[in-house]
Student: 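Okay, handing you the structure first.
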2 protein chains.
Amino acid sequence: MLSRKAQYAFRALTHLVEKYDQGPVLISEISKKKKIPLKFLENILLELKKAGILESKKGKGGGYYIKNHPSKTHMANVIRIVDGPIAMLPCVSLYFYERCKNCNEEYCALHDTMILVRDATLGILEHRTLQDLTN
Amino acid sequence: MLSRKAQYAFRALTHLVEKYDQGPVLISEISKKKKIPLKFLENILLELKKAGILESKKGKGGGYYIKNHPSKTHMANVIRIVDGPIAMLPCVSLYFYERCKNCNEEYCALHDTMILVRDATLGILEHRTLQDLTN
DNA sequence: CAATACCCTACCAAGTAGGTGGACTTCATT
DNA sequence: AATGAAGTCCACCTACTTGGTAGGGTATTG
């Protein structure tokens with residue numbers, strides 16, 4: 001399951017896509033419109049900025065906005081930033097790989113199945129972008 | 001990601017599949033062979049029993065064993081018992097459905113994508129069974 | 001009686017969801 | 001050029017839940 005944080009992230013991004021190319025959007029505006037706790041949202045947006053998805057402008061007239069064209073950022077990307085691995089096991093994760101402990105790497109029964117699941121999932125999430133978030 | 005608990009569950013089940021039709025298997029034996037913390041394993045097996053996947057026998061000569069033929073229990077089943085929802089959002093979960101808060105049910109952008117992900121995932125996990133856990 | 005599943009409680013570490021307060025930056029106004 | 005309001009940025013902090021560990025006691029079976 002996606003964490004609540006990730007769900008907030010997507011809701012916030014949806015709003016920013018709608019306001020794309022219209023200048024910086026206030027955190028407080030997003031918070032109000034999308035009913036996301038203000039301070040929590042603050043952290044989420046900052047994280048997305050540090051990861052290169054958003055840009056921000058400080059001071060008066062400042063706010064957050066999407067860095068690249070919405071069609072350039074994939075949903076999989078957002079999930080990885082906020083929630084971490086998409087795969088069901090560390091040993092089949094592309095971006096967060098870790099050896100399974102006490103599991104003979106030779107032939108882990110789950111391994112093969114989970115690679116299938118991963119590929120099926122990514123096949124979708126790597127092709128959907130922020131642009132798809134709006135109608 | 002699957003919890004460690006779920007991973008243990010699959011490892012334990014793998015062992016039980018190998019010993020299928022050979023009578024009850026001791027918790028301690030599974031714990032040793034698969035290197036799973038004994039007391040933690042105890043809880044996992046009990047949970048799987050209550051969910052109808054395993055059977056147990058108390059007293060001397062007792063232990064745990066798989067209830068139905070391994071080909072009858074799907075991996076999706078095990079995950080749902082141990083970890084809960086497989087879907088990425090409650091609002092697209094088949095077995096653990098919940099309305100999303102503050103998300104216009106009419107058209108949630110994520111919704112559609114996550115239904116695709118869910119179906120792709122289940123397409124695999126609903127067809128793989130315990131039997132597939134062994135070579 | 002001994003072996004074994006079953007069950008209960010307590011505990012610690014880590015992660016999640018969110019809040020507080022304040023420092024820093026920018027811009028418009030004067 | 002100084003000021004002050006409007007913003008982001010940032011370092012903690014609290015409360016709650018989850019994951020995992022550990023010990024000991026009870027019920028049941030051979």
Side-chain angles (χ1 to χ4, degrees), chain A residues 1-12 16 19 23-32 34-51 53-67 79 81-85 88-90 96 98 101-102, chain B residues 1-12 16 19 23-32 34-51 53-67 79 81-85 88-90 96 100-102:
Chain A
M1 293 265 294
L2 291 183
S3 69
R4 187 167 298 255
K5 194 173 172 186
Q7 295 175 44
Y8 285 156
F10 277 114
R11 289 235 301 279
L16 287 176
K19 299 277 184 178
V25 182
L26 297 186
I27 300 180
S28 56
E29 177 186 325
I30 304 173
S31 165
K32 233 182 223 170
K34 296 295 185 181
K35 291 178 185 161
I36 304 171
L38 185 76
K39 293 305 257 180
F40 196 27
L41 178 59
E42 205 181 290
N43 290 325
I44 296 169
L45 294 178
L46 193 56
E47 212 170 329
L48 291 174
K49 182 203 164 183
K50 282 179 181 163
I53 288 183
L54 299 180
E55 253 335 321
S56 69
K57 196 182 167 192
K58 291 185 192 177
K60 197 166 189 176
Y64 277 94
Y65 53 97
I66 295 178
K67 189 171 179 183
I79 296 178
I81 292 165
V82 178
D83 274 0
M88 295 189 117
L89 294 176
F96 300 84
E98 273 179 42
K101 290 175 197 166
N102 309 323
Chain B
M1 293 263 295
L2 291 183
S3 69
R4 188 167 295 256
K5 195 172 171 186
Q7 296 176 44
Y8 285 155
F10 278 114
R11 289 237 299 279
L16 287 175
K19 299 277 184 177
V25 182
L26 296 186
I27 300 180
S28 57
E29 176 185 326
I30 304 173
S31 164
K32 233 183 225 171
K34 297 294 184 181
K35 291 181 185 158
I36 304 171
L38 185 75
K39 295 301 265 180
F40 198 25
L41 178 58
E42 203 182 292
N43 289 325
I44 295 169
L45 294 177
L46 193 55
E47 213 169 328
L48 291 174
K49 181 201 165 186
K50 283 180 179 162
I53 289 184
L54 299 181
E55 253 336 320
S56 68
K57 198 179 166 191
K58 290 185 191 178
K60 198 167 187 174
Y64 276 96
Y65 53 97
I66 294 177
K67 190 172 178 182
I79 295 178
I81 292 165
V82 178
D83 273 1
M88 294 190 118
L89 293 177
F96 300 85
C100 345
K101 291 174 197 165
N102 308 325

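Convention: sequence-line order gives letters A, B, ...; per-chain numbering from 1.
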Student: Using the side chain to side chain contact (heavy atoms under 4.5 Å, CB included) criterion, which residues pair with A:Glu29? Sequence neighbours excluded.
Tutor: A:His15, A:Lys19, A:Val25, A:Leu26, A:Lys33
Student: Specify the separation, in whole Å, of atom CG of B:Leu41 and atom P of C:dT4.
Tutor: 15 Å
Student: Send over the distance from B:Glu47 CD to C:dC8 P, rounded to a whole Å.
Tutor: 14 Å
Student: What pairs of nitrogen or oxygen atoms, one from the protein and one from nucleotides 27-29 of chain C, lie under 3.5 Å apart?
Tutor:
unit_1, atom_1, unit_2, atom_2, d
C:dC27, OP1, A:Lys57, NZ, 3.2

Student: Just the rounded figure in Å: distance from P of C:dT25 to CD1 of A:Ile27.
Tutor: 17 Å
Student: Please enumerate all protein N or O atoms sitting under 3.5 Å from an N or O of nucleotides 11-13 of chain C, with distances to 0.1 Å.
Tutor:
none

Student: Do you know which two heavy atoms are closest between B:Leu48 and B:Ala9, and how far apart they sit?
Tutor: CD1-CB, 4.4 Å
Student: Rounded to the Å, how far apart are B:Glu29 CD and C:dA5 P?
Tutor: 10 Å
Student: In the structure I gave you, are the side-chain heavy atoms of A:Lys34 and A:Tyr8 within less than 4.5 Å of one another anywhere?
Tutor: no
Student: Looking only at side-chain atoms of A:Asn43, point me to the closest of C:dG19, D:dT8, D:dG24.
Tutor: C:dG19
Student: Please compare A:Glu42 and A:Gly62 by the position of their nearest nucleotide in DNA chain D and report the one closer to 5'.
Tutor: A:Gly62
Student: Within less than 4.0 Å of OP1 or OP2 of C:dC7, is there a side-chain N or O belonging to B:Lys50?
Tutor: yes
Student: Nearest whole angstrom, please: distance from the C1' of D:dT28 to the CD of B:Glu55.
Tutor: 15 Å
Student: Show the nearest heavy-atom pair for residues B:Val82 and B:Lys5, with the distance to one decimal.
Tutor: CG1-CG, 3.7 Å
Student: Could you work out which one of C:dA5, C:dG22, D:dG24 sits closest to the side chain of B:Lys39?
Tutor: D:dG24
Student: Going by the rule side-chain hydrogen bond (donor to acceptor under 3.5 Å, both in side chains), which residues pair with B:Ser31 if we only count those two or more places apart in sequence or in a different chain?
Tutor: none
Student: Heavy atoms only, 4.0 Å cut-off, all strands: where does B:Leu45 land among base, sugar-phosphate and nothing?
Tutor: nothing
Student: Do A:Gln7 and B:Pro90 have side chains that get closer than 4.5 Å, going by heavy atoms?
Tutor: yes
Student: Looking at every strand, decide which applies to A:Leu38 at a 4.0 Å heavy-atom threshold: base, sugar-phosphate, or nothing.
Tutor: nothing
Student: Taking the side chain as everything from C-beta on, heavy atoms only, tell me whether A:Lys50 gets closer than 4.5 Å to A:Leu46.
Tutor: yes
Student: Could you pull out the closest heavy-atom pair between B:Leu45 and B:Leu54, with the gap in Å?
Tutor: CD2-CD1, 3.7 Å
Student: Within this structure, what is the CD1-CD1 distance for the pair A:Ile27 and A:Ile36, rounded to the nearest 0.5 Å?
Tutor: 11.0 Å
Student: Can you measure B:Ile44 atom CD1 to C:dC7 atom P for me and round it to whole angstrom units?
Tutor: 16 Å
Student: Under the salt bridge (Lys or Arg N to Asp or Glu O under 4.0 Å) rule, collect the residues that match up with B:Lys57, sequence neighbours excluded.
Tutor: none
Student: Using modelled atom types only, decide if a donor and an acceptor are shared between the side chain of A:Asp83 and the backbone of A:Leu2 within a distance under 3.5 Å.
Tutor: no
Student: Mind listing the N/O atom pairs, protein and nucleotides 16-20 of chain D, below 3.5 Å?
Tutor:
unit_1, atom_1, unit_2, atom_2, d
D:dG20, OP1, B:Arg4, NE, 2.9
D:dG20, OP2, B:Lys5, N, 3.1

Student: Could you tell me if the side chain of B:Ile79 sits less than 4.5 Å from the side chain of A:Met88, heavy atoms only?
Tutor: yes
Student: Check the distance between D:dT29's C1' and B:Leu26's CG and give it to me in whole angstrom.
Tutor: 14 Å
Student: Using whole Å, report how far CG of B:Leu46 lies from C1' of D:dT26.
Tutor: 14 Å
